[in-house]
*Asks:* 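Below you'll find the structure I mean.
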Amino acid sequence: MRLPAKVLAAVVCAATVIMPLGACGSSSESSQQDMIISYYASEPQNPLIPGDTNETGGGHVIDMLFSGLVGYDKDGNSVNEVAKSITAQDNNTVYDIVLNDDWTFDDGTPVTAESFTKAWSYTANATNAQMEASFFAPIEGYDDLQNGDAPSDAQLSGLDVISDYEFTVTLSAPSASFPIMLGCNAFYPLPESFYDDPAAYGEHPIGNGPYKFASWSHNQDILVTRNDDYRGNFPAHNDGIDFVIYTDVDTAYADVQAGNLDLLDTVPLSSAVTFQYDPTVQSVNNPGSVIQTYTIPSDTPHFGDDEEGHLRRQAISMAINRETLCDKIKGGTATPATDFLSPTVPGYSDSLEGSDVLTYNPDKARELWAEANAIFPWDDANDVVKFSYNSDNSSAKSLFEAVSHFVTNTLGVRAETNPISTFSEFRQEVTDRQLKTAFRTGWQPDYPSADNYLVQLYDSAAADGNGSNDGDYKNADFDALMDKAASATSTAEAISYYQQGEEILLRDLPATPLYYDNAVVVSAIGVQNVDTNWKNVPVLQDVTKDVSRK
């Protein structure tokens with residue numbers, strides 16, 4: 001991940017072209033007086049459409065361009081944005097939503113009830129092939145839109161427009177957590193102009209958030225500028241954000257040191273141990289919510305959803321020393337994983353039944369591998385354990401080289417890496433189901449709940465391209481527990497079901513947790529008000545800088 005993931009009066013004046021060293025180069029021009037904050041980014045996988053974005057390259061931009069019914073503060077608390085009120089009825093099965101009537105899109109058109117209901121229905125409809133479709137599984141009528149035969153403009157039957165500024169949502173089962181979900185990008189509104197030409201819209205999105213879109217030079221940068229008409233709780237305190245696209249984090253770090261890049265939300269391996277003491281940068285290292293994993297597709301030979309597959313997945317997991325990964329590869333900026341959530345999320349645990357599968361145990365790993373061989377032999381001459389990753393991330397390269405080393409040394413089998421040039425290309429191969437190897441995955445949460453880590457990644461409804469279940473894992477018992485958690489009447493009851501579901505995941509290992517990333521940011525000297533939020537990213541609206549230094 002989610003990893004995760006999320007527009008306005010142009011303050012751009014012709015003057016100097018800022019060219020970050022080693023990046024493709026920003027095409028955006030800005031005055032020396034404009035407080036444009038440059039931020040490390042990757043090329044989005046898809047056009048900038050909220051319902052078709054489930055990775056951070058596009059997600060970070062979309063979160064600046066749009067506002068949903070609710071938003072999240074720095075600590076992950078939900079606060080009303082476009083919504084004036086969200087009222088539960090019929091035991092959390094029906095929600096009545098009333099909008100504030102003073103919100104507009106950047107094209108001047110009003111944000112109405114249909115701005116939400118039509119956008120949600122479009123995303124939920126399998127005909128439109130949107131990446132975030134599974135977020136709408138709780139709403140009545142979702143299954144009808146998933147059969148592939150529905151017209152592209154068919155509407156979710158569980159949505160009922162009462163007036164221009166009021167609508168109701170009927171769920172297929174009670175869910176006390178549904179309002180928390182409403183701040184994630186899948187639920188953002190869309191203007192009527194979107195439906196005229198979705199492809200063109202994705203290249204020049206029109207939002208309703210704290211910034212508005214200015215330009216996108218592919219593989220170079222995306223510029224958004226402050227929206228002075230924004231009506232919500234999270235206004236911009238700078239003039240804009242320039243999302244500068246890099247393919248090498250070492251180059252980005254050097255640019256921060258030189259003052260050519262303002263913000264970088266990761267550090268290269270070469271600086272992992274030293275960045276907090278580097279006098280040429282400012283640093284933040286906070287506890288974080290991002291989990292790093294690898295996924296093995298369910299149809300991979302020897303690794304299916306059966307006894308042999310479970311044994312081999314467990315053996316590989318126990319062959320990996322996570323303490324070493326965190327200390328040597330991450331330089332102390334990560335914590336070994338003990339579950340499928342993260343330490344900042346309610347429900348996190350370091351003592352679930354079966355969590356020992358995430359502990360380094362070479363003898364047990366070899367024992368499990370031998371048990372799998374007794375079921376179906378591994379062909380040492382031809383079979384290979386292979387890990388795919390995007391090679392534009394030096395940390396990923398070192399990580400999976402180390403993981404491969406552990407597997408080979410512990411299990412005595414061939415393990416190799418399969419680097420893919422860029423994150424965008426890598427994610428496209430994952431989306432197209434072209435990879436028949438283990439591959440790098442991770443999750444940056446969309447909303448602060450265990451539901452987001454578990455349902456969106458491992459529920460059957462999110463498989464087969466309908467969401468972020470990239471390994472197409474399907475387990476009816478797990479799905480049933482997630483349904484019970486959604487219907488729970490208290491947080492404690494929901495967490496109990498989530499943790500029971502995690503214990504199934506610890507047995508099956510559809511993905512294998514490695515570690516939790518700390519929220520790490522380095523900024524150039526002169527950049528001010530840098531802090532991280534519950535998603536492990538800088539609170540971009542608050543960042544300012546001394547423009548006289550340029």
Side-chain angles (χ1 to χ4, degrees), residues 4-9 48-53 58-86 95 97-120 122-123 132 135 164-167 169 178-194 201-202 204-214 222 224-241 243 445-448 452 533-535 537-543:
K6 299 225 111 333
V7 289
L8 171 125
L48 295 172
I49 298 171
D52 203 28
T53 299
H60 289 336
V61 180
I62 283 172
D63 280 345
M64 296 297 100
L65 297 179
F66 290 87
S67 290
L69 293 168
V70 303
Y72 306 115
D73 68 15
K74 173 182 172 294
D75 299 317
N77 299 304
S78 161
V79 295
N80 283 351
E81 277 280 276
V82 181
K84 183 176 183 179
S85 64
I86 301 173
Y95 285 88
I97 299 172
V98 177
L99 309 184
N100 288 298
D101 61 7
D102 56 352
W103 282 73
T104 60
F105 289 105
D106 300 330
D107 61 2
T109 59
V111 179
T112 67
E114 284 197 344
S115 303
F116 289 95
T117 60
K118 290 181 67 173
W120 296 5
Y122 182 92
T123 302
E132 299 286 75
F135 276 89
D164 283 349
Y165 298 103
E166 182 178 4
F167 67 101
V169 184
F178 181 72
I180 300 175
M181 298 174 61
L182 296 177
C184 73
N185 61 278
F187 293 92
Y188 289 158
L190 289 171
E192 281 299 311
S193 60
F194 165 80
Y201 176 93
H204 198 292
I206 295 168
N208 67 319
Y211 296 86
K212 67 180 183 181
F213 180 84
I222 301 171
V224 302
T225 52
R226 187 179 65 237
N227 183 356
D228 293 324
D229 295 325
Y230 169 69
R231 313 297 296 176
N233 298 290
F234 311 104
H237 298 288
N238 49 57
D239 294 322
I241 307 295
F243 294 87
D446 299 287
Y447 52 95
N452 187 231
N533 64 16
W534 61 278
K535 294 182 73 171
V537 297
V539 183
L540 294 176
Q541 298 98 309
D542 291 348
V543 178

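Hydrogens, waters and symmetry mates are skipped; everything else that's a heavy atom, side chains included, is used.
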*Asks:* Is any side-chain heavy atom of Val539 closer than 4.5 Å to a side-chain heavy atom of Phe234?
*Replies:* no
*Asks:* Kindly indicate whether the side chain of Phe187, heavy atoms from C-beta on, has any atom under 4.5 Å from the side chain of Tyr447.
*Replies:* no
*Asks:* With a 4.5 Å heavy-atom cut-off, do Thr123 and Phe135 have their side chains touching?
*Replies:* no
*Asks:* Determine whether a donor-acceptor pair (N or O, by modelled atom type, separation under 3.5 Å) exists between the side chain of Asp106 and the backbone of Ile206.
*Replies:* no
*Asks:* Between atom CD1 of Ile241 and atom CE of Met64, what is the distance when rounded to the nearest 0.5 Å?
*Replies:* 7.5 Å
*Asks:* Could you check whether any side-chain heavy atom of Leu190 comes within less than 4.5 Å of a side-chain heavy atom of Pro50, counting everything from C-beta outward?
*Replies:* yes
*Asks:* So, using side chain to side chain contact (heavy atoms under 4.5 Å, CB included) as the criterion, who are the partners of Trp103 when residues are at least two apart?
*Replies:* Ser67, Glu81, Val82, Asn100, Val111, Asn208, Tyr230, Arg231
*Asks:* I need the Tyr165 OH to Ser115 OG distance, nearest 0.5 Å.
*Replies:* 8.5 Å
*Asks:* Between atom NZ of Lys535 and atom CG of Asp446, what is the distance when rounded to the nearest 0.5 Å?
*Replies:* 5.5 Å
*Asks:* Okay, side chain of Asn233, backbone of Gly71: is any donor-acceptor separation there less than 3.5 Å?
*Replies:* no
*Asks:* What distance separates Thr112 OG1 from Phe105 CZ, expressed to the nearest 0.5 Å?
*Replies:* 7.5 Å
*Asks:* Identify the heavy atoms of Asp73 and Trp534 that sit nearest to each other, and give their distance.
*Replies:* O-CD1, 3.3 Å
*Asks:* With sequence neighbours excluded, tell me which residues meet salt bridge (Lys or Arg N to Asp or Glu O under 4.0 Å) with Glu192.
*Replies:* Lys118
*Asks:* Are the side chain of Asp107 and the backbone N or O of Thr109 linked by a donor-acceptor pair below 3.5 Å?
*Replies:* yes
*Asks:* Please report the shortest heavy-atom distance between Glu132 and Ala186, naming the atom on each side.
*Replies:* CB-CB, 3.7 Å
*Asks:* Treating Asn238 as the side-chain partner and Leu540 as the backbone partner, does any N or O pair qualify as donor plus acceptor under 3.5 Å?
*Replies:* yes
*Asks:* Checking Tyr72 side chain against Gly183 main chain: does a donor-acceptor pair fall under 3.5 Å?
*Replies:* yes
*Asks:* How many angstroms lie between CG in Asn80 and CG in Leu182, if you round to the nearest 0.5 Å?
*Replies:* 10.0 Å
*Asks:* Of all the heavy-atom pairs spanning Gly202 and Ile49, show the shortest one and how long it is.
*Replies:* CA-CG1, 3.9 Å
*Asks:* If you take all heavy atoms of Thr225 and Ala214, which pair is closest and at what distance?
*Replies:* CG2-CB, 4.3 Å
*Asks:* If every non-hydrogen atom of Gly207 is compared with every non-hydrogen atom of Phe66, which pair is closest and at what distance?
*Replies:* CA-CE2, 3.7 Å
*Asks:* Any idea which heavy atoms bring Pro448 and Ile180 closest together, and the distance?
*Replies:* CD-CG2, 4.2 Å
*Asks:* Going through the distances and angles, do Leu99 and Phe167 end up as a side-chain contact (heavy atoms from CB on, under 4.5 Å)?
*Replies:* CA-CA 9 Å; Leu99 309 184; Phe167 67 101; 4.2 Å; yes
*Asks:* Quick one: list whatever passes salt bridge (Lys or Arg N to Asp or Glu O under 4.0 Å) with Lys74, sequence neighbours left out.
*Replies:* Asp531
*Asks:* Just so I know, are the side chains of Leu65 and Tyr188 near enough to count as touching, which here means a heavy-atom distance under 4.5 Å?
*Replies:* no
*Asks:* How many angstroms lie between CD1 in Ile62 and SG in Cys184, if you round to the nearest 0.5 Å?
*Replies:* 11.5 Å
*Asks:* Please verify the inter-ring angle class for Phe178 with Trp120; under 30° counts as parallel, over 60° as perpendicular, anything in between as tilted.
*Replies:* perpendicular
